Every structure is written in structure tokens, then in C-alpha cells.
Amino acid sequence: MNFVRLNEILNEHYGNLHWWPAETPEEVVIGAILTQNTSWRNVEKAIENLKKIGIRNLSQIVNGDQEKIREAIKPSGFYNQKTARLISVSRAIQSAGGIDSLRKMDDASLSHFLSSLKGVGKETEESIMIYALGRKKFVVDKYTMRIFSRTGIIQSETILPTELKNEIENRMSLEELNNFHGALVNLGKDFCKTKPVCVQCPVRNECNYAKDFTLP
DNA sequence: CTCCAGGGGGCCA
DNA sequence: TGGCCCCATGGA
């Protein structure tokens, strides 16, 4: 199994996803922070609550009432940390000239800027880069590592070789990268859970783990 | 009741 | 660097 074949199977099963459910690039930034180790269902509630108090972009977070924000995002969990992260990240982006200024940065500068922010780790950074700013990035999350490891694309569930990540980003178009990550998340939610549901998984016939799992 | 979710930071060896 | 703990709500 390799990533090209996995992508083919996912495309057949899920089609084109037009991924990251957000209305605006700034909402992607907000969602990327809120979804840290949190189910998207709970993030949706938090975003809805924010909208109810009139907050749907970064300047509204910077100028908003901190206590109201804290209450609004409670459903997404870790709300004390996330309130602080939302505000400091939003403030930093505004100080840098807003999201339109980020758009003008080259990939290296943008990556350097984002990764310097507290509360923005590798996955959050990459999510913002591709889904808010259209950069060719392969977002690596827990599902990616689990699926790559179980299918046999990588050996260790904690190490994704830099060479492989570069190859994926070089070989796939922006649209393909966008869709690939979305499909991986969906596969992770639907089948490749902590407790996997291999019997109906679209990858089962070519997955090392499913073979082991279903053998008598 | 237990387990887990589209992580990240701090700390320590 | 790599492992461990903490953060917290809500669904299965």
C-alpha cells in the first residue's frame, strides 16, 4: 500500500469533499484552534454560540468580551486555554496586518510566523496554511498517522518521514491535498477509529491491519 | 461507567 | 527528541 493507491480508494468512496466546513478563512483559523483534540460536533456548537454573540471573525474576537467568549466556546472543551489562544492568535494576526497580509507572505515566512504563535502547533499551522490561505500543505493529524500506520504506508504511528511528507506535497495538487486530508478524517471517523470497524472499510482489502484483524 | 475526540505546551530525562 | 501529564465538554 502507498499513499497514491490510498488516495484512489478514498476518492472512489468519498468523492470530492471541498473540505473544511467554514464560511470564511478567518473562521478556519477559529475552527482550527477550537478543534484541537476535540470532535467537530462540539466545535460546531462553539462556533454557533460565538455567532450568536456576534463573533465570526478575528477582529471581533480581539474586541469581544472575554467572559462571553469563554462561555460560548465551552462545548468545545479546554475552554480556558482556547479562549487565551483565540485571543492571542487573533491579536497577532491583526498586528501583522490581518489575514490579507498573511496571504502575501511566502510559504516559509508564513510557516515561521504561524509556528511562533502559542497555541499553534504543527497541525493547526498546516490547517490554516491550506484551508485558510490556499498553500500546498499536507495536514498530518492523529487519523493520518493511524491510517498510514495501519495500512502499512509507514512503520511507526508516531513518525512520518519528512521525505514522504515532501513527496505528498510535491506530487499532489492543492485540490488533491485539500481532499486527501478531508477523506482521511472521514475514514478515521467512519472506520479507522481507535476501535476499528474493518469489515466494511473501503480500504480493507489492501490494509495490513484489516487483514490481520479479520483472519480467523 | 469508561473511552475518546480533526492537539499543544511544559517539563524532564 | 520522546514520553508523559494537563487541559474539559459531550457523545457512544
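None of these values were measured; they are calculated from a predicted model. Order of the sequence lines fixes the chain letters, A, B, ..., with proteins taken first and strands second; residue numbering starts at 1 for each chain.
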Engineer: Any side-chain N or O of A/T194 under 4.0 Å from OP1/OP2 of B/dA5?
Structural biologist: yes
Engineer: How would you label the contact of A/K118 with the nucleic acid (heavy atoms, under 4.0 Å): base, sugar-phosphate, or nothing?
Structural biologist: sugar-phosphate
Engineer: Can you measure A/L34 atom CG to C/dC7 atom P for me and round it to whole angstrom units?
Structural biologist: 19 Å
Engineer: Return whichever of A/G119 or A/T38 has its heavy-atom-nearest nucleotide of DNA chain B closer to the 5' end.
Structural biologist: A/T38
Engineer: I want to check one thing: is the phosphate of C/dT9, taken as OP1 and OP2, less than 4.0 Å away from some side-chain N or O of A/Y79?
Structural biologist: yes
Engineer: Would you kindly give the CD-to-P distance between A/Q81 and B/dG7, to the nearest whole Å?
Structural biologist: 14 Å
Engineer: Would you kindly give the NZ-to-P distance between A/K82 and C/dA8, to the nearest whole Å?
Structural biologist: 9 Å
Engineer: May I ask you to decide if the ring planes of A/F180 and A/F148 are parallel, tilted or perpendicular, using 30° and 60° as cut-offs?
Structural biologist: tilted
Engineer: Within this structure, what is the CG-to-P distance between A/N186 and B/dA5, rounded to whole angstrom?
Structural biologist: 15 Å
Engineer: Hey, is A/E27 close enough to A/K51 for a salt bridge, meaning N to O under 4.0 Å?
Structural biologist: yes
Engineer: So, is A/K45 close to the C/dG11 phosphate, meaning a side-chain N or O under 4.0 Å from OP1 or OP2?
Structural biologist: yes
Engineer: Just N and O in the side chain of A/K142: are any of them under 4.0 Å from OP1 or OP2 of B/dA5?
Structural biologist: yes
Engineer: To the nearest Å, how far apart are A/L160 CG and C/dT1 C1'?
Structural biologist: 16 Å
Engineer: To the nearest angstrom, how far is A/F78 atom CZ from B/dG7 atom C1'?
Structural biologist: 8 Å
Engineer: Has A/N42 got a side-chain N or O lying under 4.0 Å from the OP1 or OP2 atom of C/dG11?
Structural biologist: no
Engineer: Is the cationic atom of A/K74 (NZ for Lys, CZ for Arg) positioned less than 6.0 Å from the six-membered ring centroid of A/Y79 and within 45 degrees of its normal?
Structural biologist: yes
Engineer: Can we say A/K165 and A/E169 salt-bridge, meaning some charged N sits less than 4.0 Å from an Asp/Glu carboxylate O?
Structural biologist: yes
Engineer: Remember a base hit wins even if backbone is also touched, and classify A/I73 as base, sugar-phosphate or nothing at under 4.0 Å, heavy atoms.
Structural biologist: nothing
Engineer: Under 4.0 Å between any heavy atoms, over every strand shown, what does A/G121 touch: base, sugar-phosphate, or nothing? Just pick one.
Structural biologist: sugar-phosphate
Engineer: Is A/R146 near enough to B/dC4 that one of its side-chain N or O atoms lies under 4.0 angstrom from OP1 or OP2?
Structural biologist: no
Engineer: By nearest nucleotide on DNA chain B, pick out whichever of A/P21 and A/L117 is the more 5' one.
Structural biologist: A/P21
Engineer: Counting any heavy atom closer than 4.0 Å, what does A/V120 reach on the DNA or RNA strands: base, sugar-phosphate only, or nothing?
Structural biologist: sugar-phosphate
Engineer: Take atom CD1 of A/I33 and atom P of C/dT9, then tell me their distance rounded to the nearest Å.
Structural biologist: 19 Å
Engineer: Over all strands shown, is A/K189 touching base, sugar-phosphate only, or nothing at heavy-atom distances under 4.0 angstrom?
Structural biologist: base
Engineer: State whether A/S39 places a side-chain N or O below 4.0 Å from either non-bridging phosphate oxygen (OP1 or OP2) of C/dT9.
Structural biologist: no
Engineer: Could you check how far CG of A/N49 sits from P of C/dT9, rounded to whole Å?
Structural biologist: 14 Å
Engineer: For the CG atom of A/L184 and the NZ atom of A/K189, what is their distance to the nearest 0.5 Å?
Structural biologist: 12.5 Å
Engineer: Heavy atoms under 4.0 Å, any strand shown: does A/E123 hit a base, just sugar-phosphate, or nothing?
Structural biologist: sugar-phosphate
Engineer: List the steps, then state whether side chain to side chain contact (heavy atoms under 4.5 Å, CB included) holds for A/T151 with A/M1.
Structural biologist: CA-CA 7 Å; A/T151 52; A/M1 177 62 103; 3.9 Å; yes
